[in-house]
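Numbering starts at 1 and runs along the sequence shown.
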Amino acid sequence: MRSLPLSLALACILCGAACGSGDAGVPVDGAAQAEQPMATLTDLSAHHLPLLLETPTDAPVPDIVWKDEIGKLLVRAGDHFALEIYEAPSDLGRLKADLDRDLLKKNTIVEEAPDLLIYRSEFPDDSSLVFFHFNRSITVGDRTFQVQDAQDADATFNEKQVRRMAVAIRPKPAA
């Protein structure tokens with residue numbers, strides 16, 4: 001029931017942005033701009049996060065829910081866009097070690113940068129069960145946030161969708 005007023009407030013904010021606040025329709029940068037149309041920006045400061053969410057205009061209005069019990073902000077915009085944001089120090093080394101020790105799935109790193117890891121997980125016995133995931137670390141001031149794809153049964157993504165989600169969160173510029 002708590003998420004209904006939040007969703008209503010978010011819808012009002014997005015409607016106001018679409019009517020000329022200047023945030024809607026901000027183009028994304030570089031190669032990503034060629035792949036998708038203009039993007040819609042959503043300020044996440046209402047959730048005490050100094051971050052901006054950038055969703056393609058062809059995506060539905062994002063459903064943003066704070067989950068107190070797990071300390072994560074869940075963002076979902078349709079069937080092909082779902083991510084989680086939480087505050088924690090970056091530890092990509094631990095994540096890579098966990099992927100190496102996984103006894104159930106074979107994990108292959110697709111892209112690695114100091115703040116980003118995109119990887120492919122597949123079940124060795126069934127080549128049709130292939131999943132792409134990402135983990136990105138964003139530092140804003142003295143706070144560090146982890147952004148990752150939602151890894152639940154309802155969320156499976158291809159590599160292009162994961163790449164789009166990996167760049168969807170960015171630091172909010174200082175006022």
Side-chain angles (χ1 to χ4, degrees), residues 2-92 94-95 111-118 132-152 155 157 160-175:
R2 268 180 76 182
S3 66
L4 182 60
L6 178 62
S7 297
L8 184 59
L10 180 60
C12 291
I13 291 169
L14 289 176
C15 286
C19 293
S21 73
D23 286 344
V26 176
V28 294
D29 61 349
Q33 185 175 2
E35 292 181 16
Q36 60 188 9
M38 305 295 264
T40 303
L41 293 177
T42 304
D43 188 349
L44 298 177
S45 60
H47 302 283
H48 307 287
L49 302 177
L51 302 170
L52 294 173
L53 168 67
E54 191 174 293
T55 54
T57 54
D58 62 346
V61 174
D63 183 25
I64 302 172
V65 179
W66 177 256
K67 295 290 190 175
D68 260 342
E69 63 274 3
I70 58 174
K72 292 182 178 182
L73 186 69
L74 306 177
V75 178
R76 188 174 296 272
D79 295 334
H80 305 292
F81 191 98
L83 51 85
E84 301 174 344
I85 306 167
Y86 58 98
E87 192 166 359
S90 177
D91 196 356
L92 291 181
R94 181 200 51 80
L95 176 59
E111 181 179 335
E112 182 178 2
D115 64 345
L116 174 68
L117 189 67
I118 297 176
F132 286 89
H133 303 286
F134 79 93
N135 184 288
R136 181 172 172 217
S137 180
I138 300 173
T139 301
V140 182
D142 61 347
R143 298 174 72 186
T144 303
F145 300 93
Q146 301 305 309
V147 182
Q148 65 186 27
D149 59 289
Q151 296 183 14
D152 56 33
F157 310 106
K160 182 178 178 182
Q161 293 163 341
V162 163
R163 288 183 182 281
R164 181 167 72 172
M165 288 186 293
V167 298
I169 299 292
R170 63 182 185 201
K172 183 179 177 181

Identify each donor-acceptor pair in which a side-chain atom of residues 70-83 lies under 3.5 Å from a protein atom, sequence neighbours left out, and give them as a table.
unit_1	atom_1	unit_2	atom_2	d
Lys72	NZ	Glu84	OE1	3.1
Arg76	NH2	Asp152	OD2	3.1
His80	ND1	Gln161	NE2	2.8

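Screening Ile138, Leu41, Val147, Val140 for a side-chain contact (heavy atoms from CB on, under 4.5 Å) involving Arg170 leaves a single residue, Leu41.
Side-chain contact check for Asn135 versus Gln146: some heavy-atom pair is nearer than 4.5 Å. For the pair Gln148/Tyr86, a side-chain contact is recorded, criterion being any heavy-atom separation below 4.5 Å from C-beta on.
Considering all non-hydrogen atoms of both residues, Pro171 and Leu51 come closest at CA-CD2, 4.1 Å.
Distance check, rounded to the nearest 0.5 Å: CG of Asp91 to OG of Ser137 gives 10.0 Å. Here CG of Asp115 is found 8.0 Å from CG of Leu92. Values are rounded to the nearest 0.5 Å. Annotation: the span from Leu52 atom CG to Thr42 atom OG1 amounts to 8.5 Å, rounded to 0.5 Å. Note: Lys172 NZ to Leu49 CG = 11.0 Å, rounded to the nearest 0.5 Å.
In this structure, Arg136 contributes its side chain and Ile169 its backbone to a donor-acceptor pair below 3.5 Å. With hydrogens and angles disregarded, a donor-acceptor distance shorter than 3.5 Å links the side chain of Asp149 to the backbone of Phe134.
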